[in-house]
Amino acid sequence: MINLGYACINTKLSGLPKSKRITTNRTMIKRTFEQKGIKYASELALANVRDLKKIIQWNEDHNIKFYRLSSEMFPWASEYNIEDLPDFENIARIMGEAGDLANKYGQRLTTHPGPFNKLASPKEKVVLSTITDLEIHGKMLDLLKQPRTPQAKINIHVGAAYGDKPMALGNFNRNFERLSDAVKTRLTVENDDKKSLYSTHELYDGVHKKIGIPITFDFHHHKFRNDGETEEEALRLAVSTWGNITPVVHYSQSRSVEYNDPKIKENAHSDTYWEPVNTYGLDLDVMLECKGKEIGLFKMRQLLT
DNA sequence: CATGGTCAAGTGGCA
DNA sequence: TGCCACTTGACCATG
């Protein structure tokens, strides 16, 4: 079975007139945060989590059972404890309700913290801010009553080599132990899209074998970084790391192909799809990373029929 | 050598 | 209403 999901933004709901706009991405620039502080952060977060409930309902109404949560639900969350937000009680209650709703509908909720998360960095400061960000994601999923398993994954890249992959992988695996259970139980790693970084096979040997976390296979990234193994081989290797949890894979197509424009980088994501994902008959949850979000999902449904 | 774009993901804030 | 700046890391292509 192929279960399709989309990431963070519902273009239809976020495109509504401003007064009716439904989004979980309300944030602010640094200057505003310095002026208005956590009181305003609290207001934005409250509006965001209210809208999360609406998005979960919308997804159900459109038979979508897989959704990636925004990492921006709490603006500037690295600068405060979310429990200290003036509206925290309300926020926590609404998140509980949102989680109940998703659980009732059998929807899978996952996260993908941003590219600034570098657990392999030799710089302690970078590792500390990474831990902070990951812990926010763990707390978010706890508040949403999501399982402490990769079912509700927190997916990141190793994402850097520093000219010394064994060193970087060692850092990654060692720093993993510094995370709380809320994060460790959910963490997954994704294959990179750069020649100098990590293939599925390298993650299997360098991370999965060492600390046991599953590998999220990204079809698009595999085209740019592989060890000569076929897509199917890499996919099956990643799938083997998930145990009894349905594996997540990422699927996107090239924007430069879509626009027939060589100036656009090959690894940039397309707006929509023109080729169906090939899951090789495996039972997978496919996260669609096109810019067109739920519109791309509907297109993929057509392509698969 | 410096800049901009990519991953993630567009949005806020002001002219 | 348009458009530019915007927290964070690291890497790579282009000028």
Side-chain angles (χ1 to χ4, degrees), chain A residues 6-11 13-18 21-36 40-41 43-44 47-48 51 67-80 110-134 136-137 153-165 167-168 171-172 175 188-198 216 218-225 250 252 254-256 259 261-271 287-294 296:
Chain A
Y6 70 100
C8 308
I9 290 160
N10 182 305
T11 64
L13 299 180
S14 74
L16 291 169
K18 205 171 177 189
R21 186 155 187 255
I22 295 170
T23 176
T24 61
N25 292 280
R26 293 177 188 83
T27 183
M28 57 188 145
I29 62 174
K30 189 174 188 177
R31 179 156 39 94
T32 307
F33 181 58
E34 282 164 358
Q35 285 164 7
K36 301 191 175 178
Y40 188 49
E43 283 174 35
L44 293 177
N48 283 338
D51 282 358
Y67 175 66
R68 179 189 296 168
L69 301 165
S70 167
S71 293
E72 304 213 2
M73 223 143 39
F74 294 89
W76 292 91
S78 57
E79 306 304 309
Y80 52 86
T110 61
T111 66
H112 195 345
F116 305 109
N117 286 274
K118 290 294 188 290
L119 213 47
S121 178
K123 299 175 192 162
E124 176 66 5
K125 193 179 161 195
V126 173
V127 175
L128 282 174
S129 56
T130 298
I131 292 173
T132 300
D133 197 24
L134 293 177
I136 291 162
H137 286 80
K153 78 186 172 35
I154 300 173
N155 179 65
I156 59 173
H157 292 259
V158 177
Y162 313 98
D164 185 347
K165 280 185 176 175
M167 181 272 301
N171 287 351
F172 187 95
N175 289 327
T188 64
V189 273
E190 175 180 347
N191 55 312
D192 286 298
D193 69 348
K194 291 185 178 72
K195 287 255 184 303
S196 63
L197 299 182
Y198 304 90
T216 300
D218 187 306
F219 284 83
H220 193 48
H221 295 173
H222 174 80
K223 292 177 166 51
F224 305 100
R225 174 70 186 101
H250 292 174
S252 34
S254 175
R255 189 176 195 80
S256 60
Y259 284 88
D261 181 353
K263 288 197 292 295
I264 299 172
K265 299 204 179 203
E266 271 190 300
N267 49 353
H269 292 174
S270 59
D271 288 333
M287 178 50 65
L288 300 170
E289 293 189 314
C290 67
K291 299 298 182 190
K293 305 298 178 186
E294 85 285 358

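In what follows, chains carry the letters A, B, and so on, assigned in the order in which the sequence lines appear, proteins first and then strands, with residues in each chain numbered from 1. Computed from a predicted structure; not experimentally measured.
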### Task
Using the P atoms only, state how far C/dC6 lies from B/dG5, rounded to an integer number of Å.
15 Å

### Task
Report the distance from atom CG of A/Asn10 to atom P of B/dA9, rounded to the nearest whole Å.
14 Å

### Message
Partner lookup for B/dA15, please. Criteria are Watson-Crick or G-U wobble with both distances under 3.5 angstrom; report none if nothing qualifies.
### Response
C/dT1

### Query
Does A/Ser71 put a side-chain nitrogen or oxygen below 4.0 Å from OP1 or OP2 of B/dA9?
no

### Task
With heavy atoms under 4.0 Å as the rule, sort A/Thr27 into base, sugar-phosphate or nothing.
sugar-phosphate

### Query
OP1 or OP2 of B/dG13 sitting under 4.0 Å from any side-chain N/O of A/Thr32?
yes

### Query
Does the cation-pi check pass for A/Lys195 over A/Phe224, that is, NZ or CZ under 6.0 Å from the six-membered ring centre and within 45° of its axis?
no

### Task
Could you check whether A/Tyr162 gets within reach of a base, just the sugar-phosphate, or nothing at all, counting any heavy atom under 4.0 Å?
sugar-phosphate

### Query
The side chain of A/Arg21 lies closest to which of these nucleotides: B/dT11, C/dC12, C/dT7?
B/dT11

### Message
Looking at B/dG10, I'd like to know if its phosphate oxygens (OP1 or OP2) sit under 4.0 Å from a side-chain N or O belonging to A/Ser14.
### Response
no

#### Entry: Stacking check A/Phe116 vs C/dT7 (5.5 Å / 30 deg)
no

### Message
Work out how far the C1' atom of B/dT3 is from that of C/dA5, and round it to whole angstrom.
### Response
16 Å

### Task
Would you check if the distance from the ring center of A/His250 to the ring center of A/His221 is below 6.0 Å?
no

### Task
Report the distance from atom CD of A/Glu266 to atom P of C/dA13, rounded to the nearest whole Å.
11 Å

### Task
Could you please name the option among C/dC11, B/dT6, B/dA8 that lies closest to any side-chain atom of A/Glu289?
B/dA8

### Task
Select base, sugar-phosphate, or nothing to describe what A/His157 touches, counting heavy atoms under 4.0 Å on all strands.
nothing

### Task
May I ask you to verify if any side-chain N or O of A/Lys293 is less than 4.0 angstrom from the OP1 or OP2 atom of B/dG10?
yes

### Query
Do the side-chain N and O atoms of A/Asn155 and A/Glu190 include a donor-acceptor pair separated by under 3.5 angstrom?
yes

### Query
Think A/Lys123 has a side-chain N or O under 4.0 angstrom from the OP1 or OP2 of C/dA10?
yes

### Query
Between C/dG9, B/dT6, B/dA9, which nucleotide has the shortest distance from any of its atoms to the side chain of A/Pro115?
C/dG9

### Summary
Comparing A/Arg31 with A/Arg68, nearest DNA chain B nucleotide closer to 5' gives the residue A/Arg68

### Message
What contact category does A/Lys118 fall into here, base, sugar-phosphate, or nothing, at under 4.0 angstrom with non-hydrogen atoms?
### Response
base

### Message
Please give the distance between the P atoms of C/dT1 and B/dA9 as a whole number of Å.
### Response
29 Å

### Message
Whether the A/Glu294 and A/Thr11 side chains hold a donor-acceptor pair (N or O, under 3.5 Å, no angle test) is what I'd like checked.
### Response
yes

### Proximal nucleotide (of B/dG13, B/dT6, B/dC7) relative to the A/Lys265 side chain
B/dT6

### Side chain of A/Thr23 (C-beta onward), nearest among B/dT11, B/dA8, C/dT7
B/dT11

### Query
Taking the P atom of each, how far is C/dG9 from B/dT11, in whole Å?
23 Å

### Message
Check this for me: does any side-chain nitrogen of one of A/Arg225 and A/Asp193 sit under 4.0 Å from a carboxylate oxygen of the other?
### Response
no

### Query
Expressed in whole Å, how much space separates the P atoms belonging to C/dC4 and B/dA8?
25 Å

### Carboxylate-amine/guanidinium contact A/Asp51 A/Arg26, below 4.0 Å
yes

### Task
Look at the side-chain N and O atoms of A/His112 and state whether any lies under 4.0 Å from the OP1 or OP2 oxygen of B/dC7.
no

### Query
If the P atom of C/dA10 is compared with that of B/dG10, how far apart are they to the nearest Å?
24 Å

